[in-house]
> 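After the structure tokens below, expect a handful of questions from me.
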2 protein chains.
Amino acid sequence: MKQELERLNDEQAVEIFKALSNQTRVSILQMLKDPDRHFSPQAHIIADEGFVGGVCVGDIRSKAGISQSTTSQYLSILLQSGLVEMKRIGQWTYYRRNEETIKKFEKYIGTKI
Amino acid sequence: MKQELERLNDEQAVEIFKALSNQTRVSILQMLKDPDRHFSPQAHIIADEGFVGGVCVGDIRSKAGISQSTTSQYLSILLQSGLVEMKRIGQWTYYRRNEETIKKFEKYIGTKI
DNA sequence: GGTTAATATATAAATATCGCGAATTACCGA
DNA sequence: TCGGTAATTCGCGATATTTATATATTAACC
């Protein structure tokens, strides 16, 4: 979901709550906070200045300990909520946190909840 | 869920995310933020100094526009997550926000997410 | 005690989520 | 174009959530 407005509305917030209402998805988001510590270095992504901090699906899968299909589905839920963004580079799809949305979410919690 | 520790753990946070992954429950929590504006004055609760800000189930039900049993269940989900607290006074059950938990939740979002 | 009002709980049916394996698609290199 | 690897989509059974109706509980009142 594109986040173009200044603030999250209730509907977007509920979608984020749903995305985070699963321990594995929360863990994925947490691991993506510090990719260098949680994942092995990604030569390709380091070379590509356009998507620093991105981690490919396979690496997330092995760290999260879930199947490939579940990983893909969970990442698409996180993407849909706006908490992460993705970029396909060659045959890999890289995901990283969308700090802008996360910041808006923080603000929502602080003001609307 | 009793909140006795300083910080929320991941499990407690996920339970809160689940509680908030429903628009109606979010609305209830928001309405409880300013009872005076959203609900008619409660003579009984004003008299009882022990539970300022509490709103009875029936009032929440009519404002939320959901059935009595759904209201009861939603409130119990919110209670279980620690986001609200309740007190029975006479034949009424009053619910109000648990600001302590909400503050811990905010802190969790800011540091762990 | 009997009645009534306010909540809670039990039950049930529809819908959604979980998490997997299999099939499919996307991309790359030879 | 073929084969291999990465990722997504599909289909499934199991589990959980949603929300209502019906019933039970609790407290107040006569």
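The structure displayed is predicted, hence computed values, not measured ones. Below, chain A is the first sequence line, B the second, and so on; all start at residue 1.
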> Looking only at N and O atoms, is any donor in the side chain of A:Q68 or the base of D:dA6 less than 3.5 Å from an acceptor on the other one?
no
> Go nucleotide by nucleotide along DNA chain C from the 5' end; which of A:G90 and A:I77 gets its closest nucleotide reached first?
A:I77
> Once you round it to whole Å, what is the distance between P of C:dT7 and NZ of B:K87?
15 Å
> Is the backbone of B:S67 close enough, under 3.5 Å, to the side chain of B:R61 for a donor and an acceptor to pair up by distance?
no
> Expressed in angstrom and rounded to an integer, what is the separation of B:I60 atom CD1 from C:dA6 atom P?
14 Å
> Between C:dT9 atom C1' and B:L79 atom CG, what is the distance in whole Å?
15 Å
> Closest approach to the side chain of A:Q91, judged atom by atom: which nucleotide of C:dG21, D:dA7, D:dG4 is it?
D:dG4
> Can you see whether B:F51 has B:R96 sitting over its ring - NZ or CZ less than 6.0 Å from the centre and within 45° of the normal?
yes
> Say whether, by atom type as modelled, one donor and one acceptor occur between the side chain of A:S21 and the main chain of A:K18 under 3.5 angstrom.
yes
> Could you tell me whether A:T93 contacts a base, only the sugar-phosphate backbone, or nothing, with contacts defined as non-hydrogen atoms closer than 4.0 Å?
sugar-phosphate
> Does the side chain of A:N22 get closer than 4.0 angstrom to OP1 or OP2 of C:dT17 through an N or O atom?
no
> Please report, rounded to the nearest Å, how far the P atom of D:dA7 is from the CD1 atom of A:I28.
13 Å
> Hey, what's the ring geometry for B:F17 with A:F17, parallel, tilted or perpendicular (30° and 60° as the breaks)?
tilted
> Indicate whether OP1 or OP2 belonging to D:dA6 is found under 4.0 Å from a side-chain N or O atom of A:R88.
no
> From the list C:dC20, D:dA6, C:dA8, which nucleotide is the closest neighbour of the side chain of A:S67?
C:dC20
> Between atom OH in B:Y94 and atom C1' in C:dT7, what is the gap in whole Å?
12 Å
> Round to the nearest Å and state the distance from A:Q73 atom CD to C:dA16 atom P.
14 Å
> OH of B:Y74 versus P of D:dA20: gap in Å, rounded?
8 Å
> Counting N and O atoms only, with roles assigned by atom type, does the side chain of B:T111 sit under 3.5 Å from a partner on the main chain of B:K107, one being a donor and the other an acceptor?
yes
> Give the rounded distance in Å between these two atoms: CE of B:M86 and P of C:dT9.
8 Å
> Could you list the residues that satisfy side-chain contact (heavy atoms from CB on, under 4.5 Å) with A:T93, not counting sequence neighbours?
A:V57, A:M86, A:R88, A:Y95
> What's the closest nucleotide to the A:I66 side chain, out of D:dT9, C:dA6, C:dC20?
C:dC20
> Which part of the nucleic acid does A:S69 contact within heavy-atom distance under 4.0 Å: base, sugar-phosphate only, or nothing?
base
> Give DNA chain C the dot-bracket treatment, 5' to 3': Watson-Crick (N1-N3 with N6-O4 or O6-N4) or G-U (N1-O2, O6-N3) under 3.5 Å, [ ] crossing, | other strand.
||||||||||||||||||||||||||||||
> Of all residues at least two apart in sequence or in a different chain, which pass the salt bridge (Lys or Arg N to Asp or Glu O under 4.0 Å) check with B:E99?
B:R97
> Determine the contact category for B:R61: base if any of its heavy atoms lies under 4.0 Å from a base atom, sugar-phosphate if only primed atoms, P, OP1 or OP2 are that close, otherwise nothing.
nothing
> When you measure from the side chain of B:Y95, which nucleotide among C:dA8, D:dT18, D:dT8 comes out closest?
C:dA8
> Quick one: does any side-chain atom of B:R25 pair with a main-chain N or O of B:L20 as donor and acceptor, under 3.5 Å?
no
